[in-house]
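The block underneath contains the structure these notes are about, expressed in structure tokens.
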Amino acid sequence: MFFLKKIAAALLLPPFLPFLLIIAGLLLLHRQPRTGRLLAWCGVVTGIALSLPASVGLLVTPLERDAALDVRDLPAAEAIVILGGGTRHYAPEFGGQTVNRLTLERLRYGALLARHSRLPVLVSGGSPTPGIAEGILMRRVMEEEFRVSVRWVESQSLDTAENAAFSVPVLRAAGVRRVLLVTHAAHMRRALEAFEAAGMHAIPAPTAFFHGAGPADEVVDFLPGMNAAFAGGYAAHEWLGLAARRLTDLGGGLIRR
């Protein structure tokens, strides 16, 4: 199921989605020229829109709805949960395998919060392929590089829903009822829903915002760029994840009826 989801996401998300629309349009040009041209141009427009800061901001802003954490919220939490964002399998300079840049950004902020609050830390992330589980790699980075101890490691989850489903029982067994949840700002909306569905009250502690206040440059906002393309792809992934969750909830509701 995990790999089927990955294949579906690859087809429905950039960078392949715009090319898929263009290819479909070109294939239809001979039999249905109007439809073919429409699809091809939709692919071109989609590809450009997902690489322009101005249009990508429209996708990202509704996802990054939680503001940066107010330090006054720290005493309200009983633990810090840091969600994994992936691993880097080829990292010979680190001995073979380590966390990727997304996970590293989350760990960096989680370590900062842990040092300020002295709260215990749980890291969450599994491995869909043979190798070291992401949670174990996360603990290694936290303890060896950031010098912050990790109390719990959840190393079985393969997605956000499983992050919550597998982490919450561990936390509840330790008497934890309220956590600081650390993940990317654009991922926070989906992560909060997952933890609340699992029965854990989570205080959002977002990091690595893609969009927000900064120097205004109207010309740059309408020029494509690699950073904007990455943010656009990430945002599209999150919207697809939210849509899939809504469909799952709807299907579950229909079955219960």
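On a predicted model such as this, the values are computed, not experimentally measured, just so you know. In what follows, residues are counted from 1 in the order of the sequence shown.
Without hydrogens or angle criteria, Thr103 side chain to Gly86 main chain gives a donor-acceptor distance under 3.5 Å. In this structure a side-chain-to-backbone donor-acceptor pair under 3.5 Å is missing from Arg139 to Arg151. In this structure, the side chain of Thr87 does not engage the main chain of His89 through any donor-acceptor pair within 3.5 Å. Remark: side-chain polar atoms of Arg106 are paired, donor with acceptor, to backbone N or O of Gly84 under 3.5 angstrom. In terms of modelled atom types and a separation under 3.5 Å, the side chain of Asp159 and the main chain of Glu162 share a donor-acceptor contact. Looking only at distances, no side-chain donor or acceptor of Thr61 sits under 3.5 Å from a matching main-chain atom of Leu58. Between the side chain of Ser55 and the backbone N or O of Leu52, at least one donor-acceptor pair lies under 3.5 Å. Of the possible donor and acceptor atoms, one in the side chain of Glu64 sits under 3.5 Å from a partner among the backbone N and O of His211. When atom types are taken as modelled, the side chain of Glu196 and the backbone of His201 share no donor-acceptor pair closer than 3.5 angstrom. In terms of modelled atom types and a separation under 3.5 Å, the side chain of Gln156 and the main chain of Gly126 share no donor-acceptor contact.
Crowding of Asp73 atom CG: a count of heavy atoms from other residues, nucleotides or ligands under 6.0 Å exceeding 12.
Annotation: side chain of Leu112 is not in contact with side chain of Arg108 (no heavy-atom distance under 4.5 Å). The side-chain heavy atoms of Leu122 and Ser167, taken from C-beta on, include a pair separated by under 4.5 Å. In this structure the side chain of Phe210 never reaches within 4.5 angstrom of the side chain of Leu63, judged on heavy atoms. In this structure the side chain of Ile203 never reaches within 4.5 angstrom of the side chain of Val179, judged on heavy atoms. When side chains are defined from C-beta on, Leu171 counts as touching Val81, because their heavy atoms get closer than 4.5 Å. Under the 4.5 Å side-chain criterion, counting only non-hydrogen atoms from C-beta, Arg140 is not in contact with Phe94. Met188 is not listed as a side-chain neighbour of Arg65, based on a closest heavy-atom distance of 4.5 Å or more. Taking 4.5 Å as the limit, every side-chain heavy atom of Leu39 sits out of range of all side-chain heavy atoms of Ile22.
Annotation: the span from Leu113 atom CG to Thr207 atom OG1 amounts to 8.5 Å, rounded to 0.5 Å. Between the CG atom of Leu29 and the OG1 atom of Thr35 there is a distance of 10.0 Å, given to the nearest 0.5 Å. Of the inter-residue distances, the one linking Leu107 atom CG with Leu137 atom CG reads 10.0 Å to the nearest 0.5 angstrom.
A pairwise comparison of heavy atoms in Pro206 and Tyr109 identifies O-CE2, 3.6 Å as the closest pair. Here the closest non-hydrogen pair linking Leu83 and His187 is CD1-CE1, 3.8 Å. The two residues Ile80 and Ser117 make their nearest non-hydrogen contact at CD1-OG, 3.7 Å. Minimum interatomic distance between Val182 and Gly110 (heavy atoms only, all atoms of both residues): CG1-N, 4.1 Å. Smallest separation of non-hydrogen atoms from Ser127 and Ala133: CB-CA, 3.9 Å. Taking each heavy atom of Val150 and Glu143 in turn, the nearest pair found is N-OE2, 3.0 Å.
Neither Leu11 nor Leu13 shares a network with the other; the hydrophobic side chains, linked directly or stepwise wherever heavy atoms of I, L, V, M, F, W or Y lie under 4.5 Å apart, form separate groups for each. Residues Val123 and Ile136 are members of one and the same hydrophobic cluster, defined by side-chain heavy-atom contacts under 4.5 angstrom among Ile, Leu, Val, Met, Phe, Trp and Tyr. Hydrophobic clustering, with ILVMFWY side chains joined whenever heavy atoms are under 4.5 angstrom apart, groups Val168 together with Val170. Linking ILVMFWY residues whenever their side-chain heavy atoms come closer than 4.5 Å, directly or via other members, leaves Leu192 and Leu242 in distinct clusters. In terms of hydrophobic clustering, with Ile, Leu, Val, Met, Phe, Trp and Tyr side chains grouped at heavy-atom distances under 4.5 Å, Ile82 and Trp152 are assigned to different clusters.
For His184, the ring pair (Phe, Tyr, Trp, His ring centres under 6.0 Å) criterion is met by Tyr234, not counting sequence neighbours. Remark: Leu104 pairs with Val99, Val141, Phe146 by the side-chain contact (heavy atoms from CB on, under 4.5 Å) rule, at least two apart or across chains. In this structure Phe195 satisfies the ring pair (Phe, Tyr, Trp, His ring centres under 6.0 Å) test with no other residue, sequence neighbours excluded.
Using a 4.0 Å cut-off between charged nitrogen and carboxylate oxygen, Glu238 and Arg190 count as a salt-bridge pair. The pair Arg245-Glu193 counts as a salt bridge, with a side-chain nitrogen and a carboxylate oxygen less than 4.0 angstrom apart.
Defined by atom type and a distance below 3.5 Å, a donor-acceptor pair is missing between the side-chain atoms of Thr98 and Arg88. Between Asn163 and Ser124, the side chains place a donor N or O and an acceptor N or O closer than 3.5 Å (distance only, hydrogens not considered).
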